[in-house]
Amino acid sequence: MAPPSKYMQMVEASQDEAQLAVRLYNDPAESRSFEAFIVHMHVAWLYLLHAQFARDKVDCRYWRTVGKRKYLERIDGEPKQWELARSVRERWPSDQEPVRANLEFFIGLRNKIEHRYARRAQVALTAVLGGQAQALLLNYEEELVAQFGVERSLATRLRFPVFIGSFTTAGEQALLRLRKHLPAALRTYIAAYEASLSQSVANDPRFELRLRVFQELAPKAGPDTLPLQFTRFDDMTDEQKSAVEEAGKKGLVVVKERRRPVLGHGLLKPTRAAAEVEAQIPFAFNVAHFTEAWKNLKVRPPYGSAHPERTEEKYCVYDELHKDYGYTEAYIKKLVRECSTEAGFRSVVGKAPRLKRTKSAPSPAAPSMGSRLEESA
């Protein structure tokens, strides 16, 4: 039996990456499961698109021109090939394609979260972006089957997971609480990206899958009945659609409003930030102290840096529009905590603190002559 062609080997490697991504996503013991899901789905999509290019004889290597001659660009001796972003643009040239919008969303998100956020933020991301993650996987499955046949489907390998989620009231409340732990920088990225999309793309299930789940106690109809059945809304009759919509009116309906970005929400400028710190510590703390603090704590790059965006995002966020920085409430709390003692102030600011000036009490009125006689008496 002849070995599979080179591009089919790439398809198999792509499937392996997708299965690993889902396994990690569904593993509650994996501390960075959402990041791992994004990374491995990134590789799965890259292999899948490169397999298509190889099959269709599309040259996806980078070339450079020197004079009248063209040379292959190489990395460690190997030809440099298109990265996922370039591959996606070649596969879907229109920027109004929902599959492309979903992929580009995760490409940008991967660049932001890789190795930066702790488990709590990762779990919060999973709760907030579950619809986009599900769409990323389903888009992959549809592209895989459309390009390489139904026998390549992952449906028999990736089963519906056993989970609690929003099937219980407590589970739903826990998921809602998680959203509050999403870092400000990620909230801004998600809101800004979705606000840049047209309504048709933002509401397309290929960008974000949204489901309404009905719990039903149904008897088993026969040996071929599946425990979970999926019915597309568009495939329902008008009567069935009306019944579903009516059920939504009577029950809990979650309306997802289009996110709107608010630049600088919750961030403080240096003058305001310094004043808030000073109000909560026993020492004087002005903008000059604030500047020395961010320099010593390295929460942002120095003035004139070629990469002003490389901040400690928990404490400081760069505003590209206005070319300045905003400081978070978490940073204010850190400065208050560390500058409340003389030793801590010296460590953060680099100089000795001085006590704040207090308003002097008004001088007592001069005693009258009668008072002086009484006192001397």
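Positions are given from 1 along the sequence. All figures in this text were calculated on a predicted structure; none of them were measured in a lab.
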Note: [X]-[Y] ion pair, threshold 4.0 Å (strictly below):
X: Arg86; Y: Glu90; answer: yes
X: Arg206; Y: Glu97; answer: yes
X: Lys269; Y: Asp324; answer: yes

Of all the heavy-atom pairs spanning [X] and [Y], show the shortest one and how long it is.
X: Ser340; Y: Ile281; result: OG-CG2, 3.7 Å
X: Gly130; Y: Tyr25; result: CA-OH, 4.1 Å
X: Leu46; Y: Ser87; result: CD1-OG, 4.2 Å
X: Val277; Y: Ile332; result: CG2-CG2, 4.0 Å

### Task
Would you mind telling me which of Trp294, Phe290, Tyr315, Tyr318 makes a ring-ring contact (aromatic ring centres under 6.0 Å, His included) with Tyr325?
Tyr318

For the backbone of [Y] and the side chain of [X], can you confirm whether one donor and one acceptor N or O come within less than 3.5 Å of each other?
X: Asn139; Y: Ala135; answer: yes
X: Asn296; Y: Val348; answer: yes
X: Tyr71; Y: Thr65; answer: no
X: Asp27; Y: Arg23; answer: no
X: Thr291; Y: Val287; answer: yes
X: Glu208; Y: Asp204; answer: no
X: Glu141; Y: Leu154; answer: yes
X: Lys6; Y: Ala51; answer: no
X: His42; Y: Phe37; answer: no
X: Arg100; Y: Trp92; answer: yes

### Task
Ignoring hydrogens and angles, state whether a donor on the side chain of Gln132 or Glu194 is under 3.5 Å from an acceptor on the partner side chain.
yes

#### Entry: Gln96-Ser198 side chain donor-acceptor pair, cut-off 3.5 Å
yes

### Message
Tell me whether the rings of Tyr193 and Phe207 are parallel (<30°), tilted (30 to 60°) or perpendicular (>60°).
### Response
parallel

### Query
Going through the checks in order, is the side-chain hydrogen bond (donor to acceptor under 3.5 Å, both in side chains) test met by Ser14 and Tyr140?
CA-CA 10 Å; Ser14 173; Tyr140 172 86; 2.6 Å; yes

### Task
Give the C-alpha distance, both sets of side-chain angles, the deciding distance and a yes or no for side-chain hydrogen bond (donor to acceptor under 3.5 Å, both in side chains) between Tyr62 and Glu83.
CA-CA 10 Å; Tyr62 278 105; Glu83 70 283 5; 2.6 Å; yes

### Query
Does CZ in Arg61 sit with more than 12 non-hydrogen atoms of other residues, nucleotides or ligands closer than 6.0 Å?
yes

### Task
State, yes or no, whether a side-chain contact exists between Glu338 and Phe345 at a heavy-atom distance under 4.5 Å.
no

#### Entry: Residues forming a ring pair (Phe, Tyr, Trp, His ring centres under 6.0 Å) with Phe285, sequence neighbours excluded
His289

### From CA spacing to verdict: ring pair (Phe, Tyr, Trp, His ring centres under 6.0 Å), Tyr47, Tyr7
CA-CA 9 Å; Tyr47 287 172; Tyr7 73 81; over 10 Å; no

